[in-house]
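A short write-up of the structure that comes next.
Numbered from 1 within each chain, the chains take letters A, B, ... in sequence-line order.
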Amino acid sequence: MARGAWELPQALERGVADLFPAGQAEGAAADADQQLAARLAEAERDGRPLRVKLGIDPTGSDIHLGHSILFRKLRAFQDAGHTAVLIIGDFTARIGDPTGKSATRVQLSAEAVEANAATYLQQLGQGQDPQRALLDFSTPGRLEVRRNSEWLSGLDLPQVIELLGISTVGQMLAKEDFANRYGSGTPISLHEFLYPFLQGYDSVAIRSDLELGGTDQKFNVAMGRDLQRHFGQRPQFGMLLPILPGLDGVQKMSKSLANTVGLSEDPLSMYSKLEKVPDAVVEEYLTLLTDLELAQLPANPRERQKAMALAVTRQRHGAEAALQAQADAATLVGGASGSGAADAEVPEASLAAVNFPAKAFYLLSAVGICASSSEARRQIQGGGVKLDGEKLADPNHEFADAAALQGKVLQLGKKTFRRLVAG
RNA sequence: GGGUCGGUGCCCGAGUGGUUAAUGGGGGCGGACUGUAAAUCCGCUGGCUCUGCCUACGUUGGUUCAAAUCCAACCCGGCCCA
């Protein structure tokens, strides 16, 4: 999409994959129902900030960088003076968004949903300095946090039937996910059809002017427009951002694919994961996760990769911690093999749970560096384990007591380190 | 509701009575190499302080000296019919 295609401020336009409706800029009077630029101008003229909707279903406990691109965009709207309406999908989380799913999602209990919601808000920066936080929680009028159970749990059957009457089975089956599943004989539960209506109804309930979402949300966002029109409201705009590829560079970033970087990860692991994302996605990461001016970065791919990793880490942890993480990563990985590792900042692991005397393979699992003692045994035999830079070759090597290990750095592969501390 | 086919380890998928944690592929992890990577090559890939012992082929029972493999019931799913 060419820069300036929608005549939006750079901060709002950066990285946008799709914006609809997108009426022609030329021609008759700018139409505030068809062009976002016109709607923005109208908002400014009338002194009425836009209501920008972003819904999240609290189905997990961690927010990762893939989610953050939407929050970054939401923040950009906040910074431009608009109202972010963050919808916690406490009701819809219990149905599960079928988008992108090849199977029916497990339904969550109300308690689990509420607990997840709380950690989400915390990760988004509730109660934190707006400079460092992802969203601005403190400036008055810039944020509304709503739960969709507010309006959804009160719908009665006649109302639900009214909603369902707005669309057709044909339209539902035209949705890619449903079409794929139906076509391949994978089950689709009927209640999953309800999801788009409920998400759409959220837009009605909060009188959304614009909804943010990933490109896979087009169907649901468009449904919001249909419902708003049905209920006599001015339909929202849809602004879609790309789905961030995960660390594998191929599939979308998703916890279940274990290719994520969590927002609250420590600086070192955040940096070292990011500095080795595949070349193919570095530009996308730069565009979507940083504010760096792409043209001014060095051309060398390795340098761009590092600049990206540094910039993202800085946003979350500050400049100092980010630089430290960069230095540590260089020491640990690039490695004046081992000797430097002892000095670098490394997450600690307690020996409290270890029963001595401890055999090497048992130690690895007891300390949490390997998932099981069997795995630890294999890793040692495979030559992937070092203690203070020296290869541990014998899985049965016995350590008599904690004192022998205190302060040493246990390393698995190239990127997993734990400094052992007495419990 | 009726008919029919099917449910195997993270995923896909072999395997139809008997040396075996269970062929093969994918993914993942580790090693070498490199710009950290990618590509390539090699190793590992149920659990347990482990020269052995557990637990595993939808569930529960049964037949057998012996079952993922045979039988029964049940649960779940696809397709066809209603």
Find the partner of [N]: check Watson-Crick (N1-N3 plus N6-O4 or O6-N4) and G-U wobble (N1-O2, O6-N3) distances, both under 3.5 Å, and reply none if neither fits.
N	result
C70(B)	G62(B)
A82(B)	none
G77(B)	C5(B)
U20(B)	none
A14(B)	none
C57(B)	none

Gap in Å between the two [atom1] atoms, one belonging to [N] and one to [M], rounded:
N	M	atom1	answer
U59(B)	G52(B)	P	29 Å
A38(B)	G46(B)	P	23 Å
C50(B)	C57(B)	C1'	25 Å
G28(B)	G17(B)	C1'	35 Å
C10(B)	G61(B)	C1'	30 Å
A82(B)	U19(B)	P	48 Å
C11(B)	G27(B)	C1'	7 Å
A68(B)	U20(B)	C1'	14 Å

| request: Indicate, with a heavy-atom threshold strictly under 4.0 Å, whether Asn355(A) touches base, sugar-phosphate, or nothing. | output: base
| request: Just call it for Pro395(A): base, sugar-phosphate, or nothing, with non-hydrogen atoms closer than 4.0 Å on any strand. | output: nothing
Proximal nucleotide (of [options]) relative to the [X] side chain:
X	options	answer
Ser372(A)	C48(B), G35(B), U49(B)	C48(B)
Lys414(A)	G30(B), U34(B), C50(B)	U34(B)
Phe361(A)	U49(B), G78(B), A32(B)	U49(B)
Lys276(A)	U49(B), C48(B), U36(B)	U36(B)
Arg302(A)	C48(B), G30(B), G35(B)	G35(B)

| query | Are Lys218(A) and Phe20(A) in a cation-pi contact, defined as NZ or CZ under 6.0 Å from the six-membered ring centre and within 45° of the axis? | reply | yes
| Criterion side chain to side chain donor-acceptor pair (under 3.5 Å) on Arg378(A) and Gln381(A), from CA distance to verdict | CA-CA 5 Å; Arg378(A) 287 182 229 113; Gln381(A) 284 167 342; over 6 Å; no
For the [atom1] atom on [X], are there more than 12 heavy atoms of other groups (residues, nucleotides or ligands in this structure) within a distance under 6.0 Å?
X	atom1	value
Glu398(A)	CD	yes
Gln406(A)	CD	yes
Glu144(A)	CD	yes

Taking atom [atom2] of [N] as reference, at what distance in whole Å does atom [atom1] of [X] sit?
X	N	atom1	atom2	answer
Tyr271(A)	A37(B)	OH	C1'	13 Å
Gln326(A)	U36(B)	CD	P	14 Å
Arg378(A)	C50(B)	CZ	C1'	12 Å
Arg181(A)	C79(B)	CZ	C1'	17 Å
Tyr285(A)	U36(B)	OH	P	19 Å
Leu412(A)	C29(B)	CG	P	10 Å
Glu375(A)	U49(B)	CD	P	14 Å
Ile380(A)	U49(B)	CD1	P	12 Å

Check: [X] side chain, [N] base, donor-acceptor under 3.5 Å:
X	N	result
Gln305(A)	U36(B)	yes
Arg377(A)	C50(B)	yes
Asp279(A)	G35(B)	yes
Ser365(A)	C48(B)	no

| Are Phe237(A) and Leu50(A) close enough that some pair of their side-chain heavy atoms sits under 4.5 Å apart? | no
| query | Start at the 5' end of RNA chain B and walk down; is the nucleotide closest to Pro278(A) or to Ser374(A) reached first? | reply | Pro278(A)
| request: On RNA chain B, check which nucleotide each of Gly413(A) and Ala358(A) is closest to and give me the residue with the more 5' one. | output: Gly413(A)
| said: Can you tell me how far apart CD (Gln236(A)) and CZ (Arg51(A)) are? Round to the nearest 0.5 Å. | reply: 12.0 Å
| request: Determine whether the aromatic ring centres of His191(A) and Phe193(A) lie less than 6.0 Å apart. | output: no
